[in-house]
Amino acid sequence: MSHDERLTVVEDAEAAAQVVADLLLRLAEKELCDRPSLGVALAGGSTPRRCYELLALAVREGRASLAGWDVFLGDERVVSPDDAGSNGRMLRDTLVNGGALPAARLHRMVDAWDPTEPPEAAAERAAVRYAAALPATLDVLLLGIGADGHTASLFPGSPALQERERAVLVTHAPVEPHLRISLTPPALAAARHVVVLASGASKAAAVRSALQGTPDVQATPAQLVRHAHWVLDRPAAAQLRP
Ligand code: 6PG
């Protein structure tokens with residue numbers, strides 16, 4: 001494993017998931033030493049699922065605790081809460097149903113669904129509600145990165161990349177499901193501790209662009225968190241210059 005204060009490279013996705021699970025617990029413990037609760041925003045998508053499974057396993061085995069955690073989402077697809085593509089469902093399945101987090105401490109972006117409501121209106125209403133519930137400063141934020149260099153649901157060229165005030169916005173993805181709700185650049189910038197997890201060769205070019213590319217957040221939104229602690233498996237780190 002190679003490690004400097006902002007970059008950890010491990011052999012494979014399983015090791016990366018374990019490193020991030022341990023890191024989240026350490027960061028949370030550090031913030032909880034003088035407070036009863038903290039706000040942790042977690043990434044969606046497929047990569048972090050194993051990390052959340054490992055967190056829940058550690059809690060079930062009595063090796064860890066998420067006591068005091070209020071879990072938020074970095075972004076959400078505007079789909080039914082029970083849809084297979086829902087990030088909130090993935091967190092419910094791994095952390096809540098995995099016995100690590102009470103349902104009341106998981107704060108979902110889309111927690112109700114009226115199929116008769118126009119989706120854009122429903123998304124805007126959910127974004128406004130979420131911004132009001134979100135802590136002004138997140139203690140810990142875990143993000144992923146897409147092969148196109150997006151993070152959260154801030155995609156290349158997104159108007160949301162210009163946002164300087166609002167913490168949560170409706171955004172649009174180039175892939176299904178197109179309608180999203182996402183933390184914005186100010187919300188990412190306000191977080192106390194930011195961790196980015198990426199694994200797989202498909203992310204190698206985006207990771208290089210995010211960490212070592214010419215500054216251009218419009219092209220590579222993940223450059224917004226260039227100074228986060230990045231945890232990569234070897235294939236995702238393969239194009240980084242030494
Ligand atoms: C989402 C995520 C998104 C994710 C990247 C990588 O809703 O898809 O929050 O930002 O981190 O798209 O996704 P994978 O982990 O599935 O590659």
Side-chain angles (χ1 to χ4, degrees), residues 24 27-28 31 35-45 48 66 68-83 85-92 95-96 101-115 117-146 150-173 177-196 217-218 221-225 228:
L24 294 177
L27 291 169
E31 290 302 327
R35 288 185 282 130
S37 66
L38 80 164
V40 180
L42 296 177
L66 304 193
W69 291 35
D70 275 302
V71 173
F72 297 87
L73 283 154
D75 68 322
E76 183 58 287
R77 295 85 180 273
V78 182
V79 294
S80 159
D82 291 317
D83 187 287
S86 163
N87 289 335
R89 173 181 164 179
M90 188 262 286
L91 284 172
R92 182 198 66 195
L95 295 182
V96 177
L101 185 79
R105 302 304 284 266
L106 173 59
H107 306 280
R108 298 182 64 165
M109 285 181 163
V110 177
D111 58 6
W113 190 251
D114 172 1
E117 185 176 13
E120 289 280 352
E124 182 56 32
R125 189 164 47 77
V128 170
R129 179 182 64 81
Y130 208 71
L134 197 70
T137 299
L138 285 164
D139 295 291
V140 182
L141 169 62
L142 173 64
L143 292 169
I145 182 172
H150 80 264
T151 193
S153 278
L154 299 170
F155 290 87
S158 169
L161 292 167
Q162 315 301 334
E163 180 59 36
R164 295 295 176 265
E165 298 298 324
R166 292 177 65 182
V168 184
L169 283 180
V170 175
T171 68
H172 297 82
H178 292 293
L179 197 54
R180 309 286 181 99
I181 299 170
S182 181
L183 296 188
T184 61
L188 271 53
R192 284 193 176 87
H193 304 282
V194 184
V195 179
V196 181
V217 165
Q218 286 294 321
Q223 288 186 351
L224 289 166
V225 288

Minimum heavy-atom separation for [X] and [Y], please, with both atom names.
X: Pro119; Y: Val78; value: O-CG1, 4.4 Å
X: Pro221; Y: Thr151; value: O-CG2, 4.1 Å
X: Ala160; Y: Leu154; value: CB-CD2, 3.7 Å
X: Ser182; Y: Ala152; value: OG-CB, 3.4 Å
X: Ser86; Y: Glu76; value: OG-OE2, 3.4 Å
X: Asp139; Y: Arg192; value: OD1-NH1, 2.5 Å

Heavy-atom check, side chain of Leu95 versus side chain of Leu106, under 4.5 Å: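 No. Closest side-chain heavy atoms not under 4.5 Å.
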Does some side-chain heavy atom of Glu165 sit less than 4.5 Å from a side-chain heavy atom of Thr184? no
Partners of [X] by side-chain contact (heavy atoms from CB on, under 4.5 Å), sequence neighbours excluded?
X: Val194; answer: Leu141, Leu143, Ala191, Val225, Ala228
X: Pro177; answer: Arg77, Val79, Arg180
X: Ala131; answer: Val168

Would you please classify the geometry between the His107 ring and the Phe72 ring as parallel, tilted or perpendicular, with 30° and 60° separating the classes? parallel
If you measure from [atom1] on [X] to [atom2] on [Y], what distance do you get to the nearest 0.5 Å?
X: His193; Y: Leu142; atom1: NE2; atom2: CG; value: 13.5 Å
X: Met109; Y: Asp75; atom1: CE; atom2: CG; value: 6.5 Å
X: Arg129; Y: Leu134; atom1: CZ; atom2: CG; value: 11.0 Å
X: Leu224; Y: His150; atom1: CG; atom2: NE2; value: 12.5 Å
X: Ser153; Y: Leu73; atom1: OG; atom2: CG; value: 10.5 Å

Considering residues at least two apart in sequence or located in another chain, which fulfil the salt bridge (charged side-chain N to carboxylate O under 4.0 Å, His left out) criterion with Arg164?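 For Arg164 there are no salt bridge (charged side-chain N to carboxylate O under 4.0 Å, His left out) partners, ignoring immediate neighbours.
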With side chain to side chain contact (heavy atoms under 4.5 Å, CB included) as the test, would you mind laying out the steps for Leu66 and Val71 before giving the verdict? CA-CA 9 Å; Leu66 304 193; Val71 173; 5.6 Å; no
Residues two or more places apart in sequence or in another chain: which of them pass ring pair (Phe, Tyr, Trp, His ring centres under 6.0 Å) with His172?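 Testing His172 for ring pair (Phe, Tyr, Trp, His ring centres under 6.0 Å), a comparison that skips the adjacent residues, returns none.
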In a table with atom names and distances, give each donor-acceptor pair under 3.5 Å that connects a side chain of residues 37-44 to protein atoms at least two apart or in another chain.
none

Going by an N to O cut-off under 4.0 Å, is there a salt bridge joining Arg125 and Asp114?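 A salt bridge is absent here (no side-chain N lies under 4.0 Å from a carboxylate O).
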Out of Arg108, Arg92, Arg89, which residue meets the salt bridge (charged side-chain N to carboxylate O under 4.0 Å, His left out) rule with Asp82? Arg92
With distance as the sole test, does Thr171 use its side chain to make a donor-acceptor pair with the main-chain N or O of Ile181 at under 3.5 Å?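 No: the side chain of Thr171 does not pair with the backbone of Ile181.
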